[in-house]
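Here's the structure, in C-alpha cells; my notes come after.
Heads up: numbering here begins at 1 and tracks the sequence.
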Amino acid sequence: MYKERSHGRFITVEGTEGVGKSSNITFIQETLQKAGIDVVATREPGGTQLGEEVREMLLDHRHSGMSVDAELLLMFAARAQHIEQVIQPALKQGQWVLCDRFTDATYAYQGGGRGIPNERIATLERWVQDTLRPDMTVLLDLPVEIGLARAAERGVADRFEKEQQTFFEQVRQAYLVQAQKTPERYRIIDASRTLDEVQQQIAAVLQLILEEQGA
Ligand code: Z5A
C-alpha cells in the first residue's frame, strides 16, 4: 500500500508501563526542533479522530472481556488510519514523525503479553504498513517494578494498567528480544536513572541521527 519512499525520518519511543515516555517525548521534540527539524509528535493507539476513539475503547474497563484478536485488530485499525492520515503525509513532506509507541508495542503487548504468535502480527504489519518501519526506536528500559511504582502515583489505572507484574515482565522481555533482533534500529536507554540522566542518554542518540542527517 505505502510503496513511496518517505523523505522525513520516523522515530518511535517505546517501553513498558511508567518508563517515562510522556516525560521524554517533549524533550525529544524540543531537541529536534532546536536543530531545525520540523517534527510532528503523535501517538498510538491514537493520532487521528478515529484512532483516538479506538484508543478509548481499548483502554476502557467496560471492555475487560475484549478478545485478544479484537484487541490486536483494533490496534492495527487505528494504525492504518494513522499511517494514511498523519504519518505518511508528514514523511512525504520531509517532516520527522515522533511517535509515542508503534508496532513494536504490538509485538510486545499483544505478542509477548497476550501470547499472540509473532507471525500473525507480522502478517498485519505487512498488510497495513507495507515497507514502512521506524528509522529509529528509542526503548526506555527499566525493571518492571520501578515502572509500576512510578505509574501507580498517577492515579486511576486503565484496562492495560490493571494487568499483573508478570504480564509486564513478558512485555519487557519481548521488547528486549526485538531490540536484539534489530540492533541497527533500536537505542536502549537505561530509564531507571534520574530524568536528567535519561535525557543525557537520549540527547546522545539524537546527536548521532542528527549528524547522519547533516542537521
Ligand atoms: N498498546 C498496546 O497494547 N499495543 C499497541 O500496539 C500500542 C499500545 C500502540 C496505552 O499506551 C496502552 O496501549 C499501553 C500499551 C497499549 N498500555 N500500557 N501500559 P500509552 O503509551 O498511552 O500508556 P502508558 O504506557 O501507560 O504510557 P504513559 O501513561 O504515557 O506512561 P509513560 O509515558 O511511560 O510514563 P510517564 O507518564 O512519563 O512517567 C510516569 C511517572 O514517572 C510520572 O509521574 C513521571 O513524572 C515519573 N518519571 C518519569 N521519568 C522518571 C525518572 N527518570 N525518574 C523518576 N520518575 C520519573
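- Seen from the ring of Y175, R172 does not count as a face-on cation partner, given the 6.0 Å and 45° thresholds.
- Through side-chain heavy atoms spaced under 4.5 Å, either directly or across other Ile, Leu, Val, Met, Phe, Trp or Tyr residues, L195 is tied to no other residue.
- A search for salt bridge (Lys or Arg N to Asp or Glu O under 4.0 Å) contacts involving E161 returns R154, not counting sequence neighbours.
- Listed by first and then second residue, the salt bridge (charged side-chain N to carboxylate O under 4.0 Å, His left out) pairs that reach into residues 46-55 are R43-E52, sequence neighbours excluded.
- Without hydrogens or angle criteria, Q129 side chain to L132 main chain gives a donor-acceptor distance under 3.5 Å.
- The side-chain contact (heavy atoms from CB on, under 4.5 Å) search around S67 returns D69, A70, not counting sequence neighbours.
- Qualifying side-chain contact (heavy atoms from CB on, under 4.5 Å) partners for K34, counting only residues two or more places apart in sequence or in other chains: none.
- With sequence neighbours left out, the side chain to side chain donor-acceptor pair (under 3.5 Å) criterion links S192 to D190.
- For E197, the side-chain contact (heavy atoms from CB on, under 4.5 Å) partners two or more places apart in sequence, or in a different chain, are R193, T194.
- Annotation: side chain of V97 is in contact with side chain of L91 (closest heavy-atom distance under 4.5 Å).
- Residues passing the salt bridge (Lys or Arg N to Asp or Glu O under 4.0 Å) test with R9 are D135, E212, sequence neighbours excluded.
- Judged as a ring-ring contact (aromatic ring centres under 6.0 Å, His included), not a single pair has a partner in residues 20-48 (not counting sequence neighbours).
- Of the possible donor and acceptor atoms, one in the side chain of H61 sits under 3.5 Å from a partner among the backbone N and O of A157.
- The backbone N or O of L58 sits less than 3.5 Å from a side-chain atom of R159, completing a donor-acceptor pair.
- Remark: V177 pairs with K181 by the side-chain contact (heavy atoms from CB on, under 4.5 Å) rule, at least two apart or across chains.
- Counting only residues at least two apart or in different chains, salt bridge (charged side-chain N to carboxylate O under 4.0 Å, His left out) contacts with residues 109-118 comprise E71-R114, R114-E163.
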Mind listing the side-chain donor-acceptor pairs of residues 35-42 below 3.5 Å, one per line with the distance, residues two or more places apart or on another chain?
unit_1	atom_1	unit_2	atom_2	d
D38	OD2	Q95	NE2	3.3
T42	OG1	H82	NE2	2.7

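- Note on ring orientation: taking the six-membered ring where Trp is involved, the planes of F168 and Y109 are perpendicular (angle over 60°, cut-offs 30° and 60°).
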